[in-house]
Number of protein chains: 2
Amino acid sequence: MNNFVYRNPVEIVFGKGQIEKLGQLIPKDAKVLLTYGGGSIFTNGVYDQVKSALAAHQVTEFGGIEPNPQYSTLMKAVEIVRREGINFLLAVGGGSTLDGTKFISVAAPYEGADPWDIVEAGAKAEKAIPLGSVITLPATGSEMNNLAVISRKEQDKKLPFSHPDVFPKFSIIDPTVTFSLPQRQVANGIVDTFVHVMEQYMTRPFDAPLQDRQAEALILALVDEAPKVIAEPENYNVRANLFWMATWALNGWLNVGTLQCWATHMIGHELTAQTGTDHGRTLALVLPALWNHQRKEKGEKIVQFGKRVWGIPDGPTDKMIDDTIAATKRFFESVGIRASRAEYGVTEEVIQAVAKMIGSRQPLGDRANIGEKEVVEILHLCD
Amino acid sequence: MNNFVYRNPVEIVFGKGQIEKLGQLIPKDAKVLLTYGGGSIFTNGVYDQVKSALAAHQVTEFGGIEPNPQYSTLMKAVEIVRREGINFLLAVGGGSTLDGTKFISVAAPYEGADPWDIVEAGAKAEKAIPLGSVITLPATGSEMNNLAVISRKEQDKKLPFSHPDVFPKFSIIDPTVTFSLPQRQVANGIVDTFVHVMEQYMTRPFDAPLQDRQAEALILALVDEAPKVIAEPENYNVRANLFWMATWALNGWLNVGTLQCWATHMIGHELTAQTGTDHGRTLALVLPALWNHQRKEKGEKIVQFGKRVWGIPDGPTDKMIDDTIAATKRFFESVGIRASRAEYGVTEEVIQAVAKMIGSRQPLGDRANIGEKEVVEILHLCD
C-alpha cells in the first residue's frame, strides 16, 4: 500500500425531516448565500423547508447554477459574495450546484487576477468561505468530498479541482426529496456512482484487498438495488440506500493507498463539453470501450471484477473480459441507458476535438498511457 | 434505514516513516503529555522516533497504562495534567493506551466529584483536552473513533464510553512497527477486528445492503490476509492491509443507520474483568456460543454470512447455521486461538458472576433479549 493521509471532516446528517436542522448547523450570525440550480427546489418542497429552517438567518439567494456549472455564472455569485460580505455558503440542489458553490468558496476570497487559475493552472487558493449543502441528487458524491468539476464553455473546457478547505461543513441528505426526480436523472446517477467506483478500482493488482473488496461490495449492493430504484421511486429504503451508495462512492475511502484511473471521466467530460450529452451517459458510452481498449493493462482486474461481481465462470481470459464488459453494458441498459455514439452526436469531428484536448494535457490512466491517439481509438470502439 | 448523523474528523497519517510528521501535527506551543503502556515502545524503536520528532516540543511522559486500562492508573495521569497545565495528549502504543488517554482527555477538565461517573453514570463531560495517537497495534480501532473501554478492577468493572470530543485529532499508523509484535497479540487483534465487524452486522435483516456488503467485504479481505499475517510478520503490505482493516472495522461506517448487537463484547469484557483473559480470546470463546444460542433471532443474517463469506451451500437452515458457526471457529483456530472455558478459567462461579453483573444492567443485543439467564445459557454453550 502507498503511504497516504486521509481526512474527511464532513458531518453527514441523513434521513427524513433532517432539513429542519439547518438552523442549528449554520452559525446564527452568518451572512448566508443560498445557491441553487434551475429551480427544482421550488417544486419538490426543498426551498420552503430550507427557508423555514433559516427563518432567523440573514440569507441572500443566488439561483441558476446550471448542470456542468459555468465559470461565467459562478463569477456572478463571486461578485455578490464580495459585495455583501457573505461568510457562509449553502448549496441546495444536485452535484452541479454544490460543485459550483465549492468554486465560489475559493474564488471569492482569491486575490489573484482570475480565479479560473485555481481550476486550470493549479493556482493556490489561500482562503475558502465555509459551506454546507442540502444535496438532492444521488450521483456525484460531492456532498462528502472536496472535489468539484467546473466548466467554461467559451473555451470548451470542463475541468476538476480539489481543495482541502472545500469539504462541506455538513451535508443534509433527505432521501424523500429524490422521490420526484426524473428517471433520466436517477439513471444517470446510478451510472455515475458505478463509474466513480470503477475509476478507483479498475487499474491493476496492487495488493490492497480491503479497498478492492469495498469497491466490489458497493457495486454488488448497487446492482441489487438498481431495479428497485427504477421500479419503486417512492420506496424510502431503496432511495436511502441509493443515496448512501452515491455518497460512499466518492468520499475518498475507496482509493486510499492504491491506484486510480480517471480516464473514463476525463474523456466523458470532454464529450459533455463538446456535445452537451449528460455526464452519466458519456460514462456509459466510454467505459466499456475503454476496458476493451485497455484489456491487456486492466485485464487482471477486469477478470477479478467479472468473477466476484457478475459471477463470470472461469474460462479463457479474453472471453472472461468480453463477458465482463457485456455484463456491465447490460447493467447500464437495465437502468435505461442505451449508450451510442450516433445518439449522442459523437461525430468524427467531435472525436478529434476531444482527443486533441486530452492530448494537450498529461496522459490519462494509472499507467499514464492514454493520450490523443488512444482516445481516438477508444472512441472508435464505442457502440 | 434509520436516520443518522455521521462525523469522523480523524486525520489518518498512514505508512512507513510517518512518525516523523508528529512535529507538524502537534501545535508548536503545546504542553504535551506523552502516554504509553508497558514499555514495548522502548524496544520497537517507536519511543526514539517520537522523541526525535518532538525534540522542539515541551513533553512530559506518563507510562504504565496497562492492558484493560485502569481507572486508578489513569487518575494519576489526570493529576499530572491538572498540575502541569498539559494541553495536548499524545498516546503512543496500543488500544489500551489510547483508550486510557481518551479517558484522561475528558477526566482532567471534569469538574464533578469523580470522573468515573463519565464512564458508568453517563455524566456529561463538558470539555476535552485534544489528543493524537501513534497507534502500534492493529486491533481496537480506537485510532479512528471516539470510543474507549475503561476498567476499575476494585469493582470488577470494564465499561465502554464515548464522547464527541475524544476523536484523535490525528492517528499515525506505521505498519512497520507491528513487525515485532508477539503472535499472540496479532492473533488477538485479528479476532477483535473480526468481532467488531460482526457486532455491527449479526443482527437481523434491516434492508441496509451497502452496510451488509461492506461488513462482508472486510471479513472476506481479513480471511484472505490472516494466514499471511501469521506466516510473514515482516511482509509490509500484509501488515499494512491488516492495520487498515482493524482501523476500518470500528470507525463508524459499518453501523450507520442500521442495527448493532454488542453482546459478545459485553460478555467478553466481564470475562476479562473476572479472569484476566485476553480480550480477543474471550470474544473467540463467546461469539460461536452466542450465535448458537441466538440462532432463531440471528438465523437469517448467520445464513447470509455463511453463504457470502464462507461459501456455505444452500441446505436446511439449521445445518447452514451450524456450518457457519463451525467455519467461524475454524477461522479463529487458524490464527492460533483455540478458545475453551477450561483453559480460560471460566468456572461456574465466574459464569454466575458475569451473568449477575450483566443482568444488573440493560439487556443486551439488538432485541434487548440477553439478560442474566441468557448469559448463563450462552456461557454453558461455550466449548
Side-chain angles (χ1 to χ4, degrees), chain A residues 1-18 21 25 144 167 169-175 206-225 228 235-249 251 253 256-257 308, chain B residues 1-18 21 25 144 167 169-175 206-225 228 235-249 251 253 256-257 308:
Chain A
M1 219 190 297
N2 291 333
N3 284 5
F4 67 84
V5 174
Y6 179 84
R7 182 183 72 95
N8 189 325
V10 182
E11 178 167 343
I12 295 288
V13 183
F14 190 101
K16 287 176 197 158
Q18 299 279 37
K21 291 191 178 160
L25 289 165
M144 201 174 178
F167 282 108
K169 300 296 170 199
F170 62 82
S171 285
I172 295 178
I173 301 175
D174 180 344
F206 200 66
D207 198 5
L210 180 59
Q211 292 88 321
D212 275 7
R213 291 283 188 184
Q214 287 172 331
E216 291 154 2
L218 203 157
I219 300 295
L220 285 164
L222 181 66
V223 167
D224 279 350
E225 216 67 358
K228 290 179 271 181
N235 182 327
Y236 177 81
N237 266 343
V238 170
R239 288 290 164 121
N241 290 328
L242 176 70
F243 221 137
W244 194 223
M245 292 176 205
T247 302
W248 225 95
N251 62 14
W253 273 115
V256 288
R308 293 183 180 175
Chain B
M1 219 189 297
N2 291 333
N3 283 5
F4 67 84
V5 174
Y6 180 85
R7 181 182 72 96
N8 189 324
V10 182
E11 179 167 342
I12 296 288
V13 183
F14 191 102
K16 285 176 199 160
Q18 299 280 37
K21 291 190 179 160
L25 290 164
M144 201 174 178
F167 283 107
K169 299 296 169 200
F170 62 82
S171 285
I172 295 178
I173 301 174
D174 179 344
F206 200 67
D207 198 6
L210 181 60
Q211 291 88 323
D212 276 5
R213 291 283 188 185
Q214 292 299 349
E216 292 154 2
L218 203 157
I219 300 294
L220 285 163
L222 181 66
V223 167
D224 279 350
E225 216 67 0
K228 289 179 270 180
N235 182 327
Y236 178 81
N237 266 344
V238 170
R239 288 289 165 122
N241 290 328
L242 176 69
F243 221 137
W244 194 223
M245 292 177 205
T247 302
W248 225 94
N251 62 14
W253 273 112
V256 289
R308 292 183 179 175

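Letters A, B, ... are given to chains in the order of the sequence lines, protein chains preceding strands, and every chain is numbered from 1.
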Pairs of heavy atoms under 4.5 Å with chain A: top-ranked of Trp253(B), Tyr6(B), Phe167(B)
Trp253(B)
Non-hydrogen atoms of chain B under 4.5 Å away: do they reach the side chain of Asn235(A), the backbone, both or neither?
neither
Expected output: side-chain Asn3(A) to main-chain Lys16(B) donor-acceptor under 3.5 Å
yes
Evaluate whether atom NZ of Lys228(A) has more than 12 neighbouring non-hydrogen atoms of other residues, nucleotides or ligands under 6.0 angstrom away.
yes
Per-residue contact mode, Gln214(A) against chain B (heavy atom under 4.5 angstrom)
both
Value for CD (Glu225(A)) from CZ (Arg213(B)), rounded to nearest 0.5 Å, stands at 10.5 Å
Asn237(A) (side chain) donor-acceptor with Met1(B) (main chain) under 3.5 angstrom
yes
Side chains of Val5(A) and Ile12(B), heavy atoms from C-beta outward: is any pair under 4.5 Å?
no
Structural part of Tyr236(A) lying under 4.5 Å from a heavy atom of chain B:
side chain
Aromatic plane relationship, Phe14(A) with Phe4(B) - under 30° parallel, 30 to 60° tilted, over 60° perpendicular
parallel
With a 4.5 angstrom heavy-atom cut-off, is it the side chain or the backbone of Val13(A) that approaches chain B, or both, or neither?
both
Please give me the minimum heavy-atom distance between Asn241(B) and Pro209(A), naming the atom from each residue.
ND2-CD, 3.2 Å
To the nearest 0.5 angstrom, please state how far the CD atom of Gln211(A) sits from the CE atom of Met245(B).
8.0 Å
Holding to salt bridge (charged side-chain N to carboxylate O under 4.0 Å, His left out), I want the full list of residues that pass it with Asp212(B), two or more places apart in sequence or in another chain.
Lys301(B)
Leu218(B), Ile172(B), Leu220(B), Asp174(B): which one forms the most heavy-atom pairs within less than 4.5 Å of chain A?
Leu220(B)
